[in-house]
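Residue numbering restarts at 1 for every chain, and letters A, B, ... go by the order of the sequence lines. Computed from a predicted model, the values in this text were never measured in an experiment.
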2 protein chains.
Amino acid sequence: MNGVPRSQQSKDAKKSAPLTRDAEATRSSILDSAEDEFAANGLLGARTEAIAAKTGVTKAMIYYYFQSKEQLYEAVLERAFLRRLQIAQSINLAAMSPDQALERCLRELLIDVSKNKNLSAIFFYEAVQNKGKYYNKFGAMSLYGVLAGILEQGVAKGNFRQLDPMHTAVNIVGASVFYFCTRENIKHLWAGKNLLSSDMVEWHIKEAIELIMNGVRASDG
Amino acid sequence: MNGVPRSQQSKDAKKSAPLTRDAEATRSSILDSAEDEFAANGLLGARTEAIAAKTGVTKAMIYYYFQSKEQLYEAVLERAFLRRLQIAQSINLAAMSPDQALERCLRELLIDVSKNKNLSAIFFYEAVQNKGKYYNKFGAMSLYGVLAGILEQGVAKGNFRQLDPMHTAVNIVGASVFYFCTRENIKHLWAGKNLLSSDMVEWHIKEAIELIMNGVRASDG
DNA sequence: TCGGCAACCTACTAACCAGTCAGTATAACA
DNA sequence: TGTTATACTGACTGGTTAGTAGGTTGCCGA
């Protein structure tokens with residue numbers, strides 16, 4: 001039974017259990033639990049005791065690895081954004097037409113958000129509750145810049161209709177992530193179905209991309 | 001100096017001041033302050049002391065008029081949704097074409113959300129943090145039903161392309177309200193401009209409606 | 001002009017929560 | 001086998017917060 005902390009050994013493990021006395025695994029495990037807690041309740045509403053309990057360690061461990069609740073939150077954001085950034089940078093958008101670039105960019109965003117169930121809620125809490133205070137350190141807003149750039153080029157080349165790139169970029173992100181953010185609220189529209197199941201996610205991606213691509217395309221394109 | 005509670009008299013009034021010993025005015029004034037506080041921090045993060053201070057009364061008054069923080073929250077939701085419902089019901093959508101009905105519906109929603117600066121944040125917190133627990137009492141989800149109904153008819157009549165009405169309704173709401181929810185985070189995209197100013201709101205409404213109407217319309221329509 | 005009640009306040013409690021600290025257990029190495 | 005660094009714990013503190021008990025003030029009717 002190596003790999004499970006004493007307080008959780010021989011019990012039903014709640015989450016990815018850290019290795020016994022494995023600093024790196026414990027740290028990572030705290031980050032996992034913290035991500036869940038921050039996604040559910042935001043920085044303000046998150047309880048350090050709840051994070052500790054979910055990890056299977058005592059609250060003191062949080063302060064052993066992270067100096068404060070705030071710094072733990074920043075670490076969660078940083079980890080989530082490094083993942084996103086790696087995905088975004090792996091695509092060579094410059095080589096594509098605006099049409100292809102936008103669709104590829106959207107599909108990548110939607111897949112990423114659907115895979116990491118906490119991403120959309122953390123993103124939203126950070127924007128609404130913290131007003132982007134911690135985000136801006138990680139250059140997270142670059143997504144809008146990338147989208148607006150693609151849209152601007154598309155307008156110039158005549159692929160897209162006369163639209164405002166920045167407003168449209170914001171509205172596109174809204175159309176894409178709203179489904180994930182509010183999934184617990186809207187799921188009864190589909191009779192309580194799990195909106196993160198692969199068929200529902202695929203369906204959303206299809207509908208979102210169709211709405212957006214038709215929405216930006218020039219009518220004579 | 002009638003109309004101002006003692007604790008706020010001869011001071012700089014912070015908000016809509018209740019009348020002295022005017023129960024109805026005080027109650028309404030508490031609701032105003034509570035709406036601000038809940039919009040900023042959610043049910044969990046809201047502080048009753050902050051609501052009391054903003055109103056210019058003591059915390060005990062909140063419990064005099066409302067039995068608990070939770071019931072105060074429900075009262076705030078109810079008031080906000082009665083306003084929305086009245087607006088929605090004042091339009092005779094049945095008499096319009098799907099195209100007209102959708103555009104009218106969206107314009108009305110966007111104007112409403114832009115006028116009540118708290119609406120989008122309260123909506124968001126309720127959906128994400130409370131998972132719609134309190135919403136559903138007021139049939140607030142009817143918005144999705146109305147939109148999906150219009151879309152379904154539009155598809156049947158051939159005005160709109162082959163789309164899924166429910167998914168599209170959700171994505172449309174996302175494209176419309178995301179701007180308002182995240183306004184404090186995205187405002188630096190417009191050099192810190194106030195995104196609720198009338199020219200910015202009009203611009204957003206124009207861009208959102210164009211994106212959505214083009215997004216749903218049949219290409220041969 | 002006075003009695004009663006509705007509106008309002010002061011001062012409190014019990015519970016909670018972020019953060020600390022003194023100390024214990026364990027792995028790894030001498 | 002003993003020493004040490006580090007992972008880890010339980011029990012605590014100070015500050016905060018939802019909610020309450022009981023007293024005070026001002027209005028209105030008789």
Using only side-chain N and O atoms of [X], determine if any of them is under 4.0 Å from OP1 or OP2 of [N].
X	N	value
B:Y64	C:dA7	yes
B:T48	D:dT17	no
A:T58	D:dG10	no
A:R47	C:dA18	yes
A:Y63	C:dT20	no
B:T26	C:dC8	yes

Interatomic distance where [atom1] belongs to [X] and [atom2] belongs to [N] [whole Å]:
X	N	atom1	atom2	value
A:E70	C:dC17	CD	C1'	16 Å
B:Q67	D:dA18	CD	C1'	15 Å
A:E49	D:dC12	CD	P	15 Å
A:L44	D:dT16	CG	C1'	12 Å
A:Y73	C:dA18	OH	P	15 Å
A:F66	C:dA18	CZ	P	16 Å
B:R27	C:dA6	CZ	P	16 Å
B:M61	C:dA6	CE	P	13 Å

### Message
Between B:F124 and B:V177, does the side chain to side chain contact (heavy atoms under 4.5 Å, CB included) criterion hold? Intermediate values first, please.
### Response
CA-CA 9 Å; B:F124 154 75; B:V177 306; over 6 Å; no
### Query
Is the number of heavy atoms from other residues, nucleotides or ligands within 6.0 Å of CD (A:E152) greater than 12?
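12 or below, so no.
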### Task
Tell whether B:K59 reaches the base of D:dG19 with its side chain through a donor-acceptor pair below 3.5 angstrom.
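Under the 3.5 Å cut-off, the side chain and the base do form a donor-acceptor pair.
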### Task
Test for a donor-acceptor pair under 3.5 Å between the base of C:dA6 and the side chain of B:R21, counting only N and O atoms.
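Side chain to base: pair found, below 3.5 Å.
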### Query
When rounded to the nearest 0.5 angstrom, what distance separates CD in B:E210 from CD in B:E103?
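If I round to the nearest 0.5 Å, the distance is 9.0 Å.
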### Query
Contact class for A:A46 (heavy atom, under 4.0 Å): base, sugar-phosphate, or nothing?
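Answer is sugar-phosphate: A:A46 comes under 4.0 Å of backbone atoms only.
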### A:N130: which of A:Y135, A:Y125, A:Y73 passes side chain to side chain donor-acceptor pair (under 3.5 Å)
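Only match with A:N130 under side chain to side chain donor-acceptor pair (under 3.5 Å): A:Y73.
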### Task
Between B:A60 and A:Y65, just flag the one whose closest nucleotide in DNA chain D comes earlier from the 5' side.
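Result: A:Y65.
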### Task
May I ask you to decide if the ring planes of A:H167 and B:W203 are parallel, tilted or perpendicular, using 30° and 60° as cut-offs?
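Tilted.
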